[in-house]
Amino acid sequence: MTAVADAADLRDRLVPWYRRVARSLPWRDAPSPYHVLLSELMLQQTRVETVLPYFARFTRRWPTLEALAAADLDDVLHAWAGLGYYRRARALHAAAQAAVAAGGLPSDPAALQALPGVGPYTAGAIASIAFGVPAPAVDGNVERVVCRVDGRQDDPRKGPARRALTARVAALTAPGVASEVTQGLMELGATVCTPRSPRCGSCPWTDVCVARAEGLVDVLPRLPARKAPVAVRGVAGVLRAGDTLLLGRRPEGLLGGLWEPVMDEVTDADAEGDAAAAVVEVYARRAGVAVDVVRNAGRVVHVFTHRRLTLDVFEVRADPGTRVGGDGSYDALAFVDAHAPDVALSKLARKVLDAADGARRQPPLLDGLAHRDGAGGDAG
DNA sequence: AAGTCGGGGGT
DNA sequence: ACCCCAGACTT
């Protein structure tokens, strides 16, 4: 067996390495508690490259914690649209309001974790990065880096292993260099000790790494296999009235607070039978509108973490002046500008609208067929 | 402990 | 295809 490295040794290798190679990132170059809170919420389960344009947009529009706290939640959701995990946007807004009410962001990890959207990792990250408090911050990168350097073969997400991992990181995180240790661990995981094809030749820990010595780099950390997303079918209808478009706002939950063309999940039998009839039913139920199907606009496939949704998309029409209502399963229904909808749209909604636009730009060769055929073979 | 909650990039 | 990302929250 190979000996586990000393914490002080690891720290003394990590901090100078981090200072040398740290990427220039906006929340590093202009650090402030607000910037750290904003970046950390955005970075949850999200890559740095994805966050960059959103971080720039937010800081330009809401330069301070106070400005964000005073913003309308709808505007925050709109600015967040496309980033995913939309509960984070609500949490960010609520956390900003709570922090402003308390006179500013706290530096204590326990107080930070009391804020909405701030869990064990984010509390440690903000405390150490924004305030220099030596609190451990264990994210997916840190979990992988530490499992490898220590040669840990247990599941690092289960209770006892999790606590040991956190204690190990706490021993690494020392006063005076807390920010560099936290960011250095994550930088190491993001740029060198990557899930696949790690660059061990560029690692400051390579000659004290247990996984390296024992040939376990490729199998650590040992995480349980994740379940494949479940296949689900659905139908969507794009209803245009002049230069406007009918959209519904989803309630809290999946894509909560975002707007979309009227759609719903349907049974496999309905999807494979008469999808056009299904979309008529969905409109009657969810929007209270009697529609006719104009054309089949093909299929859209959208993959969520635990669901793979295949939507049959239709262009539909209704009598002018039709009033909307429905069963209340949408928070709101509204006609918006068809060319520049000024509301928060999910990526799924954009795909559906793009499919309808694409189908509309090329008039069907067999115009009457879409009506009789329903979900028939002319998709796509 | 297990399920929910987006979207995208790397391999 | 599959993995997994600067995770939190609910049940």
Side-chain angles (χ1 to χ4, degrees), chain A residues 18 22-23 25-28 35-55 77 80-92 94-95 112-130 136-145 155-162 166 169 179 181-191 193-199 218-219 221 223-230 250-258 260 301-309 344-351:
Chain A
Y18 173 70
R23 292 169 290 177
L25 299 173
W27 47 89
R28 285 180 180 166
H35 285 174
V36 175
L37 170 72
L38 179 60
S39 64
E40 289 302 337
L41 268 289
M42 288 183 165
L43 285 162
Q44 288 171 3
Q45 296 284 235
T46 309
R47 296 171 185 280
V48 167
E49 298 71 31
T50 304
V51 164
L52 288 172
Y54 287 88
F55 182 85
L77 268 171
W80 196 280
L83 194 54
Y85 286 138
Y86 298 98
R87 182 171 54 184
R88 293 183 296 171
R90 300 172 187 275
L92 170 65
L112 284 164
Q113 199 172 332
L115 295 171
V118 178
Y121 159 75
T122 305
I126 297 174
S128 58
I129 298 172
V138 183
D139 74 327
N141 286 309
V142 177
E143 170 186 286
R144 181 174 58 256
V145 167
D155 180 349
R157 301 188 181 175
K158 290 190 176 297
R162 191 72 188 175
T166 302
V169 174
S179 174
V181 169
T182 292
Q183 297 193 72
L185 286 170
M186 292 188 287
E187 193 81 355
L188 193 57
T191 66
C193 195
T194 49
R196 283 166 304 286
S197 306
R199 301 162 179 77
D218 293 328
V219 300
L223 298 173
R226 66 192 53 202
K227 290 192 292 189
V230 177
R250 298 179 64 106
E252 288 193 46
L254 182 66
L255 303 176
L258 276 72
E260 67 185 17
V301 177
H302 194 72
V303 181
F304 300 98
T305 302
H306 59 291
R307 214 173 301 184
R308 174 191 172 84
L309 178 62
L345 292 174
S346 67
K347 294 290 186 180
L348 170 62
R350 290 191 183 282
K351 285 183 187 176

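One can place CG of A:Asp155 at 9 Å from P of B:dA1, the figure rounded to the nearest angstrom.
Note on A:Arg250: nothing from the nucleic acid sits closer than 4.0 angstrom, heavy atoms only. Using a 4.0 Å heavy-atom distance criterion, A:Thr182 is classed as making no nucleic acid contact. Contact annotation for A:Trp27: base contact, defined as any heavy-atom pair under 4.0 Å involving a base atom. If you check every strand for non-hydrogen atoms under 4.0 Å, A:Val48 touches a base. Within the 4.0 angstrom heavy-atom criterion, no nucleotide atom of any strand lies near A:Ile126. Within 4.0 Å (heavy atoms only), A:Arg144 reaches sugar-phosphate atoms of the nucleic acid but no base atom.
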- prompt: How does protein reach along nucleotides 5-11 of chain B, written 5' to 3' as B (base within reach of a heavy atom under 4.0 Å), S (only sugar-phosphate), or - (no contact)?
  reply: BBBBB-S
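Nucleotides C:dA6 and B:dT11 place their P atoms 13 Å apart, quoted to the nearest Å. Remark: the separation of the C1' atoms in B:dG9 and C:dA8 is 23 Å, to the nearest Å. Nucleotides C:dC5 and B:dC5, compared at atom C1', are 14 Å apart to the nearest Å. Taking atom C1' in both B:dG6 and C:dC3, the straight-line distance is 16 Å, to the nearest Å.
In terms of heavy-atom proximity, A:Tyr85 sits nearest to A:Trp80 at O-NE1, 3.9 Å.
Residues passing the salt bridge (charged side-chain N to carboxylate O under 4.0 Å, His left out) test with A:Arg226: none are found, sequence neighbours excluded. With sequence neighbours excluded, the residues forming a side chain to side chain contact (heavy atoms under 4.5 Å, CB included) with A:Ala349 are A:Glu260, A:Pro261, A:Leu345, A:Ser346, listed by chain and number. By the salt bridge (charged side-chain N to carboxylate O under 4.0 Å, His left out) test, A:Arg157 pairs with A:Glu143, sequence neighbours left out. Checked against side chain to side chain contact (heavy atoms under 4.5 Å, CB included), A:Thr194 has the following partners two or more places apart in sequence or in another chain: A:Pro198, A:Arg199. Here A:Glu187 pairs with A:Arg23, A:Arg28 under the salt bridge (charged side-chain N to carboxylate O under 4.0 Å, His left out) rule; sequence neighbours left out. Here A:Phe55 pairs with A:Trp27, A:His35 under the ring-ring contact (aromatic ring centres under 6.0 Å, His included) rule; sequence neighbours left out. With sequence neighbours excluded, no residue forms a salt bridge (charged side-chain N to carboxylate O under 4.0 Å, His left out) with A:Arg350. Residues satisfying the side chain to side chain donor-acceptor pair (under 3.5 Å) criterion with A:Lys347, sequence neighbours excluded, are absent altogether.
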- request: Could you give me the CA-CA distance, side-chain angles and deciding distance for A:Leu223 and A:Asp155, then say whether side chain to side chain contact (heavy atoms under 4.5 Å, CB included) is met?
  value: CA-CA 6 Å; A:Leu223 298 173; A:Asp155 180 349; 4.1 Å; yes
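Extent of DNA chain C lying under 4.0 Å from chain A heavy atoms, first and last nucleotide in 5' to 3' order, is C:dC3 to C:dC9.
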Please tabulate, for the side chains in residues 113-126 of chain A, all donor-acceptor contacts under 3.5 angstrom to protein atoms that are two or more places apart in sequence or on a different chain.
unit_1	atom_1	unit_2	atom_2	d
A:Tyr121	OH	A:Glu40	OE1	2.8
A:Thr122	OG1	A:Gln44	NE2	3.0

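The closest donor-acceptor contact from the side chain of A:Arg88 to the backbone of A:Leu41 lies under 3.5 Å.
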- line: Under the rule of Watson-Crick or G-U wobble with both distances under 3.5 Å, where | means paired to another strand and [ ] a crossing pair, DNA chain B maps to |||||.|||||
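Along DNA chain C, the nucleotide nearest A:Gly140 and the nucleotide nearest A:Pro221 are compared for position; the residue whose nucleotide lies closer to the 5' end is A:Pro221.
Phosphate contact (OP1/OP2 of B:dG3, side-chain N/O of A:Lys227, threshold under 4.0 Å): present.
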